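Please read all numbers here as calculations on a predicted model, not as lab measurements.
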Amino acid sequence: MTTLFAEHALLADGWGSNVRIGVDEAGRINAVEPDCQPGAVDVVLKSRLLLPAPCNLHSHAFQRAMAGMTEYRSARHDDFWSWRKLMYRFLDVLTPDHIEAIAALVYVEMQEAGYAAVGEFHYVHHQPGGGSYDNIAELSERIFAASTLTGIGLTHLPVLYSYGGAAKAPLNGGQLRFGCDPERFARLHEAATSAMGALDSDSAMGVAPHSMRALDPDYLKTIAATYANGPLHIHAAEQVREVEDVQAWLGARPVEWLLNEAGVNERWCLIHSTQMNEQETLGLARSGAVAGLCPITEGNLGDGIFNGSDYLANAGHFGVGSDSNVKISVCEELRQLEYSQRLRHKARNIMTVGEQSTGEVLYRNVLAGGARAMQRDNGVLAVGKLADMVAINTDHVSLCGLSGSQLIDGWIFAADDGVVSDVWSAGRHCVQDGRHRQRDSVESRYRSTLKELTALL
């Protein structure tokens with residue numbers, strides 16, 4: 001058992017001072033005692049604010065290695081679809097070793113930014129050209145190796161990707177590394193589930209039908225029943241063209257179709273949903289599902305702006321993810337979310353209801369939404385919950401004049417990742433003094449990997 005003492009902490013019922021927190025051998029909180037003296041504790045968090053650490057609910061780890069490679073305008077009109085062509089070219093040279101090395105760095109960076117867990121939306125399954133590896137779950141197991149090395153909590157989401165576009169267009173090019181019909185996917189999912197049994201007990205398995213454009217909609221209706229355990233994530237309505245293509249094919253917009261036909265409920269996480277109309281926004285909020293928002297990637301790709309104010313006003317659940325991993329940062333993800341709403345509405349403090357801290361409301365919503373989307377028993381510092389925690393340095397120059405809920409506002413709107421001092425994932429103390437314990441070896445391997453990749457591109 002480990003015992004921590006924090007001068008300030010965000011507890012389930014509000015702010016606490018001089019808080020002792022016990023963590024058992026299973027990585028769960030077994031004591032929360034405010035207004036205490038330090039006594040005999042293992043870790044004293046002096047000048048620190050202790051918070052529940054959020055989940056990063058949507059990641060494509062391998063895309064981190066592309067960061068900075070696609071910011072050159074090479075055509076009269078650059079958009080998501082031109083970016084995707086470059087991503088497919090990148091896929092042609094990725095090996096299992098590359099994927100493991102990239103994922104390890106991504107997970108180190110996530111924890112150093114303040115995330116305790118990740119939902120890996122994993123769709124690279126096969127060799128270039130679509131041939132299977134001898135072990136059909138080879139690339140899932142490379143993700144497992146990266147999560148084990150770094151200690152991050154993992155919800156693994158193998159992706160079913162059957163078609164190259166709406167109306168069952170054939171797979172082509174880089175998509176062949178993703179492609180699975182339902183039978184092939186069932187074998188892959190079973191093998192990955194079996195391999196996951198060797199991971200820490202806080203790991204979880206879900207399922208990810210990629211998107212309406214990449215699936216047989218009739219089969220999509222059966223996925224929730226076929227894979228009844230764990231979360232279900234799907235890309236939804238990220239791009240205008242995607243919405244138009246699906247509507248022309250099925251006679252309904254993607255989110256509209258999912259809400260009416262697929263039985264969307266609290267198990268579901270609809271990633272992006274940046275192209276929803278008012279009726280879809282209301283329907284998704286009332287369904288109990290989570291909107292998986294990725295504001296930095298959505299800004300980078302020009303996806304659009306989520307209808308946040310109406311969704312929040314109807315008690316909709318949301319969380320955040322780093323998606324393409326072009327930039328991994330808890331505070332910048334939430335800052336981008338709020339600022340995009342301000343630009344849309346030409347007003348301030350949009351993602352809150354009533355007179356209260358915008359940062360705290362954003363943060364508490366992301367904690368709850370991430371926990372729901374990943375079916376991870378975290379999101380609050382309370383007895384019985386997973387000890388997913390992040391400590392913020394309140395002595396940092398960006399925060400030194402703030403107190404109470406202003407500290408979260410300061411982290412999100414005025415500071416950067418440099419204020420994160422410590423992170424625990426299910427009690428595993430992975431980040432200390434702002435640096436991940438595996439940073440040196442993981443970064444060295446990543447640098448070698450990038451050297452190999454750039455020689456091949």
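- A salt bridge links Asp440 to Arg435: at least one charged side-chain nitrogen sits closer than 4.0 Å to a carboxylate oxygen.
- Side chain of Gln175 to backbone of Tyr163: no donor-acceptor contact under 3.5 angstrom is found.
- Of the inter-residue distances, the one linking Ile328 atom CD1 with Thr297 atom OG1 reads 9.5 Å to the nearest 0.5 angstrom.
- Although no hydrogens or angles enter the test, the distance criterion places a donor-acceptor pair under 3.5 Å between the side chain of Asp42 and the main chain of Thr3.
- Residues Pro254 and Val243 form a side-chain contact, since some pair of their non-hydrogen atoms from C-beta on lies under 4.5 Å apart.
- Of all heavy-atom pairs spanning Ser340 and Leu337, the tightest one is OG-O, 2.8 Å.
- Both the sub-6.0 Å distance and the 45° axial angle are not jointly satisfied by Arg348 relative to the ring of Phe413.
- The side-chain heavy atoms of Arg84 and Gln239, taken from C-beta on, include no pair separated by under 4.5 Å.
- Of all heavy-atom pairs between Ala373 and Leu57, the closest is CB-CD2, 4.0 Å.
- To the nearest 0.5 angstrom, Ile136 atom CD1 is 5.0 Å from Leu188 atom CG.
- The number of heavy atoms from other shown groups lying within 6.0 Å of CG (Asp395) is above 12.
- Using a 30° and 60° split on the angle between ring planes, Phe121 and His235 fall in the tilted class, from 30° to 60°.
- Residue-environment remark: CZ (Arg187) exceeds the threshold of 12 foreign heavy atoms within 6.0 Å.
- Atom CZ of Arg342 is separated from atom CD1 of Ile305 by 13.5 Å, given to the nearest 0.5 angstrom.
- A donor-acceptor contact closer than 3.5 angstrom is absent between the side chains of Asp97 and Thr449.
- The aromatic rings of His189 and Tyr227 lie tilted to each other, with the angle between the two planes from 30° to 60°.
- The backbone N or O of Thr394 lies less than 3.5 Å from no partner atom in the side chain of Ser47, so there is not a single donor-acceptor pair.
- Evaluated for a side-chain hydrogen bond (donor to acceptor under 3.5 Å, both in side chains) with Tyr107, the options Glu112, Gln438, Glu120, His436 yield exactly one hit, Glu120.
- Using bins of under 30°, 30° to 60° and over 60° for the plane-to-plane angle, the ring pair His58/His60 lands in the perpendicular bin.
- Remark: His122 engages His125, His156 in a ring pair (Phe, Tyr, Trp, His ring centres under 6.0 Å) (not counting sequence neighbours).
- Within the 4.5 Å cutoff, the side chain of Leu4 has heavy atoms near those of the Met389 side chain.
- When side chains are defined from C-beta on, Asn378 does not count as touching Asp202, because their heavy atoms never get closer than 4.5 Å.
- For Arg344 and Ser309, the side-chain atoms include no donor-acceptor pair closer than 3.5 Å.
- For the pair Leu381/Leu10, no side-chain contact is recorded, criterion being any heavy-atom separation below 4.5 Å from C-beta on.
- Each of Ile234, Ile223, Val207 was scored for a side chain to side chain contact (heavy atoms under 4.5 Å, CB included) with Leu160, with one residue passing: Ile223.
- Side-chain contact between Leu157 and Pro231: present, with at least one pair of heavy atoms (C-beta onward) separated by less than 4.5 Å.
- In summary, Arg28 and Asp377 engage in a salt bridge, as defined by a charged side-chain N under 4.0 Å from a carboxylate O.
- In terms of the ring pair (Phe, Tyr, Trp, His ring centres under 6.0 Å) criterion, His396 has no residue partners (sequence neighbours excluded).
- Taking the side chain as every heavy atom from C-beta outward, Glu141 and Tyr133 never approach each other to under 4.5 Å.
- At least one donor-acceptor pair closer than 3.5 Å links the side chain of Glu338 to the backbone N or O of Ile350.
- Gln275 has its side chain out of reach of Glu242: every pair of non-hydrogen atoms, C-beta onward, lies at least 4.5 Å apart.
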From CA spacing to verdict: side chain to side chain donor-acceptor pair (under 3.5 Å), Arg48, Ser421: CA-CA 8 Å; Arg48 298 291 187 268; Ser421 68; 2.9 Å; yes
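- Evaluation of the ring pair (Phe, Tyr, Trp, His ring centres under 6.0 Å) rule for Tyr363 yields Trp411 as partners, not counting sequence neighbours.
- When the shell of 6.0 Å around CD of Glu190 is examined, it contains 12 or fewer heavy atoms from other residues, nucleotides or ligands.
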